[in-house]
Amino acid sequence: MKTSFSAESSFSAAAPAQKYTRVAVLLHWSIALLMLGNVALGLTAALLPDGTLSDENIRFVIDTHKSIGITVLGLAILRVLWRLTHRPPPLPAEFPMWERAAAHAAHIALYVLIFAMPLTGWLHDSAWVAAASHPMYLFGLFQWPRIGFIMNLDAATKDQLHEQFGALHTACSYALYGVLALHVAGALKHQWIDRHSVLRRMMP
Ligand code: HEM
């Protein structure tokens with residue numbers, strides 16, 4: 001039976017190939033922190049009573065949310081390019097088949113959601129009838145474009161799409177909470193119950 005000591009020592013002696021690259025670690029944690037921050041900002045904006053969004057302080061919350069979301073989209077593109085050119089370290093051979101399959105499925109779902117969250121948010125924002133009179137500035141630095149073909153639709157269609165993309169953005173956020181909970185639970189199970197850390201491979 002494996003003791004926590006033997007698991008520790010086998011890991012500290014791990015070859016470099018047992019860890020993610022520095023770039024992968026940096027992209028993983030920056031995307032994770034920015035997405036968590038954006039969930040907090042998005043929920044703050046969504047929970048406010050109707051009408052308060054025109055308040056200048058509240059606008060700051062939602063404008064920052066949009067800027068962080070677009071940043072996540074850029075980082076997600078970099079991350080996929082990095083992932084396609086750098087193989088991640090394999091999961092430890094002693095993990096049962098079902099756990100490997102579950103981890104793999106959660107990772108694919110997270111990749112999909114890392115793109116789906118910013119894209120549905122951007123679509124939702126582009127369909128906002130007041131988008132043309134409220135340009136979006138990325139962190140107040142320069143104007144960020146809305147999606148042109150949506151902006152050019154008539155007001156009634158935009159209103160309808162605004163609602164539908166908003167509902168899709170919210171649905172994706174619920175999926176994110178679920179998959180993220182499984183992902184974190186898996187990492188903590190290996191850390192504390194199995195005493196075979198995989199978290200360490202993703203640490204700087
Ligand atoms: C990392 C990416 C993103 C995450 C994790 C995220 C998360 C969220 C969450 C959790 C909500 C609240 C949903 C609810 O419970 O109803 C929300 C709302 C919203 N998000 Fe995002 N979002 C992201 C990107 C974006 C982007 C890129 C835009 C626009 C360019 C955007 C625009 C909005 C808007 C307009 C709302 C509605 C706020 C309101 O109720 O008035 N989001 N987002």
Side-chain angles (χ1 to χ4, degrees), residues 24-83 106-153 155-184 187 202:
V25 171
L26 185 70
L27 286 169
H28 174 274
W29 291 110
S30 44
I31 290 175
L33 290 178
L34 289 173
M35 285 191 81
L36 285 178
N38 235 18
V39 165
L41 292 177
L43 287 176
T44 307
L47 293 175
L48 286 165
D50 275 354
T52 33
L53 270 180
S54 49
D55 181 309
E56 219 171 277
N57 294 325
I58 306 303
R59 283 259 33 110
F60 177 76
V61 170
I62 192 69
D63 289 345
T64 307
H65 175 85
K66 293 176 189 179
S67 297
I68 292 179
I70 294 297
T71 307
V72 166
L73 184 59
L75 292 174
I77 293 170
L78 288 180
R79 184 162 179 192
V80 166
L81 291 176
W82 189 263
R83 172 69 179 75
H107 295 162
I108 292 175
L110 283 170
Y111 272 111
V112 170
L113 289 166
I114 288 169
F115 279 92
M117 283 311 306
L119 286 175
T120 54
W122 195 10
L123 286 164
H124 172 59
D125 188 50
S126 301
W128 182 27
V129 274
S133 53
H134 291 79
M136 180 194 153
Y137 289 93
L138 201 76
F139 295 109
L141 296 173
F142 56 87
Q143 195 173 331
W144 184 260
R146 261 46 179 259
I147 300 168
F149 80 92
I150 294 179
M151 291 277 286
N152 296 335
L153 295 169
T157 313
K158 276 204 273 192
D159 245 350
Q160 201 184 343
L161 285 178
H162 183 65
E163 202 156 308
Q164 288 168 349
F165 287 136
L168 192 58
H169 194 55
T170 302
C172 288
S173 69
Y174 293 152
L176 178 69
Y177 307 148
V179 182
L180 194 59
L182 288 176
H183 181 65
V184 173
M202 195 44 107

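We count ligands from 1, going down the list as the structure has it; atoms in each ligand are counted the same way.
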Visitor: Quick check against the 3.5 Å criterion: does Trp144 have a side-chain atom that pairs as donor or acceptor with the backbone of Phe139?
Guide: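 Checked: no pair found.
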Visitor: When the ring planes of His65 and His169 are compared, do they come out parallel, tilted or perpendicular, using 30° and 60° as the limits?
Guide: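 His65 vs His169 ring planes: perpendicular.
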Visitor: Got Asp125 and Met136 here, is their nearest side-chain heavy-atom distance under 4.5 Å?
Guide: yes
Visitor: What's the separation between atom CG in Leu180 and atom CE in Met35, rounded to the nearest 0.5 Å?
Guide: 8.5 Å
Visitor: Pull out every atom of ligand 1 sitting under 4.0 Å from any heavy atom of Met35, numbered as shown with elements.
Guide: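 The list of qualifying atoms is 1 (C), 5 (C).
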Visitor: At less than 4.0 angstrom from any non-hydrogen atom of Gly69, what atoms of ligand 1 do you find?
Guide: 2 (C), 24 (C), 27 (C)
Visitor: How far does CG of Leu113 sit from OG1 of Thr120, to the nearest 0.5 angstrom?
Guide: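 Rounded to the nearest 0.5 Å, the CG-OG1 separation comes out at 9.0 Å.
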Visitor: When you measure from atom 3 (C) of ligand 1 to each heavy atom in Asn38, Leu36, Leu34, which option holds the nearest one?
Guide: Asn38
Visitor: Please check: side-chain N/O of Lys66 versus main-chain N/O of Trp122, any donor-acceptor pairing under 3.5 Å?
Guide: no
Visitor: Give the atom numbers and elements of ligand 1 that come within less than 4.0 Å of a heavy atom of Leu43.
Guide: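 Near Leu43, meaning under 4.0 Å from one of its heavy atoms, ligand 1 has 12 (C), 15 (O).
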Visitor: Identify which of His169, Lys66, Arg146 has a heavy atom lying nearest to atom 24 (C) of ligand 1.
Guide: His169
Visitor: Check Ser173 against ligand 1 and report side chain, backbone, both or neither, counting heavy atoms closer than 4.0 Å.
Guide: side chain
Visitor: Would you say Leu73 and Ile114 make side-chain contact, with heavy atoms under 4.5 Å?
Guide: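 When only atoms from C-beta onward are counted, Ile114 and Leu73 do not touch, as no gap falls below 4.5 Å.
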Visitor: Numbering the atoms of ligand 1 from 1, which are under 4.0 Å from a heavy atom of Tyr177?
Guide: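 Contacts of ligand 1 toward Tyr177, numbered from 1: 10 (C).
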Visitor: Could you check which of Cys172, Ala131, Pro118 puts a non-hydrogen atom nearest to atom 27 (C) of ligand 1?
Guide: Pro118
Visitor: Closer than 4.0 Å to some heavy atom of Thr170 - which atoms of ligand 1 meet that?
Guide: 13 (C), 14 (C), 15 (O), 16 (O)
Visitor: For ligand 1, which atoms have a heavy atom of Val72 less than 4.0 angstrom away?
Guide: 1 (C)
Visitor: Counting backbone and side-chain atoms alike, does His124 have an N/O/S atom under 2.8 Å from atom 21 (Fe) of ligand 1?
Guide: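 No, since none of the N, O or S atoms of His124 sits under 2.8 Å from atom 21 (Fe) of ligand 1.
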Visitor: Could you tell me whether Tyr177 atom OH has more than 12 heavy atoms of other residues or ligands within 6.0 Å of it?
Guide: yes
